[in-house]
Protein chains: 2
Amino acid sequence: MTAKITVEPSQKRQQAKQLREQQLLILAQQILQQDGFAGLTMDRLTALSSVSKGTIYNHFCSKEDLFTALSVDSLQRQLQLFQRALQIPGHSREQVLALHLAYHRFSMTEPTLFLCLLTATTPAVVEKSSPARLALRQQLELQLAAICQQLITAAIAEGSLQLAAGQSVDALAFVQWAQAFGANALLKPTQQLGLFSQLQPQPTMLLGVNLLLDGLNWKPLSSDWDYHASWQRIMTILATEAPGADGQLN
Amino acid sequence: MTAKITVEPSQKRQQAKQLREQQLLILAQQILQQDGFAGLTMDRLTALSSVSKGTIYNHFCSKEDLFTALSVDSLQRQLQLFQRALQIPGHSREQVLALHLAYHRFSMTEPTLFLCLLTATTPAVVEKSSPARLALRQQLELQLAAICQQLITAAIAEGSLQLAAGQSVDALAFVQWAQAFGANALLKPTQQLGLFSQLQPQPTMLLGVNLLLDGLNWKPLSSDWDYHASWQRIMTILATEAPGADGQLN
DNA sequence: CAGAATTATTGACGATTCGTCATTCTAGTT
DNA sequence: AACTAGAATGACGAATCGTCAATAATTCTG
């Protein structure tokens with residue numbers, strides 16, 4: 001039937017549409033960086049883009065949906081960083097550390113994108129986002145969670161970690177995630193408010209991870225290994241391997 | 001001079017004003033509970049209140065400022081709960097557990113207020129809130145932090161806890177706070193999205209606390225004490241001691 | 001206590017921002 | 001070239017925010 005004839009151009013269209021969506025998201029980020037969250041309005045986005053408002057609303061069903069889209073972008077970046085961090089050689093506990101470090105680095109180098117993630121967690125945003133985009137976000141979070149779970153499972157198989165009573169792979173992944181999210185989300189606003197102002201970010205992050213993993217008895221313990229050195233090593237690799245915002249191989 | 005004559009009535013005014021502000025905040029909470037965050041508009045708040053819009057803007061310089069005010073309310077409630085939790089008998093580590101439990105209980109029994117706290121962390125809200133109210137929030141957070149720091153300091157003095165190299169009272173307080181904030185903030189949205197849906201909230205919270213404190217070697221370790229029993233005991237006391245939302249003694 | 005002075009309240013109004021939709025345009029098909 | 005399906009446009013209506021001149025209430029003074 002007309003299947004091929006209609007599908008083929010539709011694919012081209014879809015590609016062009018997705019490309020433009022990416023450009024719109026980049027533009028939105030620029031506005032956020034430059035003028036803050038209060039400076040981002042749909043009219044302004046329209047004015048600075050090459051398309052009309054109607055077209056923008058063809059992509060995002062509401063302003064809040066745009067924020068959720070930005071958070072999806074954020075998660076995709078995180079996923080890339082996580083996958084890169086996993087390639088760094090080291091024992092299993094160092095790999096956990098690498099994930100935390102990648103997360104922290106992301107929150108520092110891309111504060112705007114990270115704040116979008118925080119904003120998209122807010123009920124006001126969730127309530128007005130499209131179900132399709134919320135599903136997309138859920139899918140990405142599932143992938144991120146899967147990475148953590150794989151790491152934990154591998155460590156158990158390998159013998160570095162043993163599950164005690166009342167522990168589960170899911171629970172451990174959640175606790176790690178909560179620590180990373182909480183610490184990175186609170187760091188900036190907390191220091192802006194003058195609270196904990198004399199706290200050094202990196203050692204504090206490392207401390208949090210070490211406490212959790214020592215509590216799990218995940219070998220080698222922080223008393224038997226210099227994780228400060230591991231942190232420095234991983235940091236250097238992450239910083240040199242991905243100097244730009246280039247998402248593609250080269 | 002006219003000092004006394006002008007100060008005295010001004011105090012009455014101020015009191016009445018504060019009372020009305022509380023009523024407005026309660027009304028805002030009711031609207032949020034009933035119609036969600038998208039249902040709260042200044043016009044609606046005006047319509048349901050006994051004052052006019054101008055008067056409301058006399059209290060809150062913007063809609064965002066109202067959210068920050070709600071977060072201040074939230075922190076005040078937390079402070080009350082913390083002070084109550086500290087009165088529960090037990091060793092120092094049980095008291096830390098009591099704080100975490102109070103925090104968790106608050107996030108469960110007053111989800112709306114807790115979400116206001118999350119919302120008020122958002123840059124869009126911070127940017128448009130009044131400096132005065134932001135300062136108020138900072139002051140309350142300082143008080144909450146002080147409680148945590150006191151607990152840690154006391155434990156060190158008493159011998160249940162020893163600071164290792166690279167640790168500080170501030171850092172420990174921050175890590176605890178991050179864990180509590182992250183876990184409670186992520187729990188709801190995470191479960192709504194179907195992620196970690198089979199996770200039991202309370203055991204997971206307990207796990208997070210135990211890992212951190214075991215990692216710190218805060219005595220007695222979870223292997224030497226039944227913290228599940230402690231959790232139950234503290235939970236019962238908190239639930240019976242404060243049945244209603246009554247903030248005053250009776 | 002009358003009236004002046006100061007302060008608070010009101011709600012209609014302007015301004016901003018969101019989101020829609022009838023119309024126009026484009027690209028592919030016959 | 002004519003036709004058609006679908007996308008883009010931007011002027012417009014709707015919703016919401018925030019203001020301010022007019023009004024009311026309260027406090028001060030002679």
Side-chain angles (χ1 to χ4, degrees), chain A residues 1-21 23-24 27-28 31-32 35-69 119 124-125 127-130 133, chain B residues 1-21 23-24 27-28 31-32 35-69 119 124-125 127-130 133:
Chain A
M1 294 316 231
T2 58
K4 266 187 185 171
I5 329 182
T6 49
V7 165
E8 203 173 350
S10 132
Q11 280 182 342
K12 283 182 191 172
R13 290 281 177 108
Q14 288 278 26
Q15 279 183 355
K17 203 173 177 183
Q18 277 198 338
L19 182 68
R20 192 177 46 198
E21 189 159 313
Q23 291 172 340
L24 284 172
L27 183 58
I31 297 176
L32 286 177
D35 307 323
F37 278 66
L40 176 61
T41 69
M42 297 307 262
D43 281 324
R44 205 164 144 62
L45 182 62
T46 299
L48 294 177
S49 80
S50 56
V51 294
S52 71
K53 188 142 62 146
T55 300
I56 289 179
Y57 272 92
N58 212 323
H59 285 277
F60 314 106
C61 73
S62 68
K63 189 186 177 183
E64 285 75 19
D65 198 40
L66 172 65
F67 276 112
T68 300
T119 301
V125 173
E127 284 173 10
K128 302 194 78 181
S129 292
S130 71
R133 190 122 20 212
Chain B
M1 293 318 232
T2 58
K4 266 187 185 170
I5 330 182
T6 48
V7 164
E8 203 173 349
S10 133
Q11 280 182 343
K12 282 181 190 171
R13 288 277 179 113
Q14 288 277 27
Q15 279 184 355
K17 203 173 177 182
Q18 278 199 338
L19 183 68
R20 192 176 46 196
E21 189 159 311
Q23 290 171 340
L24 284 173
L27 183 57
I31 297 176
L32 286 177
D35 306 323
F37 279 65
L40 176 60
T41 69
M42 297 307 261
D43 282 323
R44 205 165 144 63
L45 182 62
T46 298
L48 293 177
S49 78
S50 56
V51 293
S52 73
K53 190 143 58 146
T55 300
I56 288 180
Y57 272 91
N58 212 324
H59 285 277
F60 314 105
C61 73
S62 67
K63 190 187 176 182
E64 285 75 19
D65 198 41
L66 172 65
F67 276 112
T68 300
T119 300
V125 173
E127 284 172 11
K128 304 194 76 178
S129 291
S130 72
R133 194 137 358 227

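Numbers restart at 1 for each chain; the letters A, B, ... are given by sequence-line order, proteins then strands.
- Taking atom CG on B:L45 and atom P on D:dG18, their separation rounds to 13 Å, with Å as the unit.
- Remark on DNA chain C: of its neighbouring residues A:A38 and A:G54, the 5'-side contact belongs to A:A38, judged by nearest-heavy-atom nucleotide.
- Of the candidate nucleotides C:dC18, D:dC17, D:dT9, D:dT9 has the atom nearest to the side chain of A:V51.
- When all heavy atoms of B:D65 and B:H59 are compared, the closest pair comes out as OD2-O, 4.2 Å.
- In this entry the distance linking CZ of B:R44 with P of D:dA15 reads 14 Å, nearest Å.
- In terms of position on DNA chain C, the residue among B:S50 and A:C61 whose nearest nucleotide sits closer to the 5' end is B:S50.
- Shown here for A:V125 and A:T68, the closest heavy-atom pair between the two residues is CG1-OG1, 3.5 Å.
- Among the heavy atoms of the strands lying under 4.0 Å from A:K128 are primed sugar atoms or P, OP1, OP2 only; no base atom is included.
- Among the protein residues, B:T41 comes within range of the sugar-phosphate backbone only, with heavy atoms under 4.0 Å from sugar or phosphate atoms but none that close to a base.
- Backbone-only engagement by A:R20 is indicated by non-hydrogen atom pairs under 4.0 Å involving sugar-phosphate atoms exclusively.
- A:N58 places its CG atom 15 Å from the C1' atom of C:dC25, with the value rounded to the nearest Å.
- The CZ atom of B:F60 sits 14 Å away from the P atom of D:dC17 (whole-angstrom rounding).
- Side-chain N or O atoms of A:E127 include none that pairs as donor or acceptor with a backbone N or O of B:G36 at under 3.5 Å.
- Distance alone, capped at 3.5 Å, is enough to place a donor-acceptor pair between the A:S62 side chain and the A:K128 backbone.
- In this structure, CD1 of B:I56 is placed 14 Å from C1' of D:dT19, rounded to the nearest angstrom.
- Within the 4.0 angstrom heavy-atom criterion, only backbone atoms of the sugar-phosphate kind lie near A:K63; the bases stay farther away.
- If you check D:dT9, D:dG18, C:dT20 against the side chain of B:K53, the one that comes closest is D:dG18.
- Backbone-only contact: B:S62 has heavy atoms under 4.0 Å from sugar-phosphate atoms and none from a base.
- Rounded to whole Å, atom P of C:dA8 lies 14 Å from atom CD of B:E21.
- Between the CG atom of A:D43 and the P atom of C:dT17 there is a distance of 7 Å, given to the nearest Å.
- B:F37 has its CZ atom 17 Å from the P atom of D:dT16, to the nearest Å.
- In terms of modelled atom types and a separation under 3.5 Å, the side chain of B:T55 and the main chain of B:N58 share no donor-acceptor contact.
- Phosphate contact (OP1/OP2 of C:dT10, side-chain N/O of B:T55, threshold under 4.0 Å): present.
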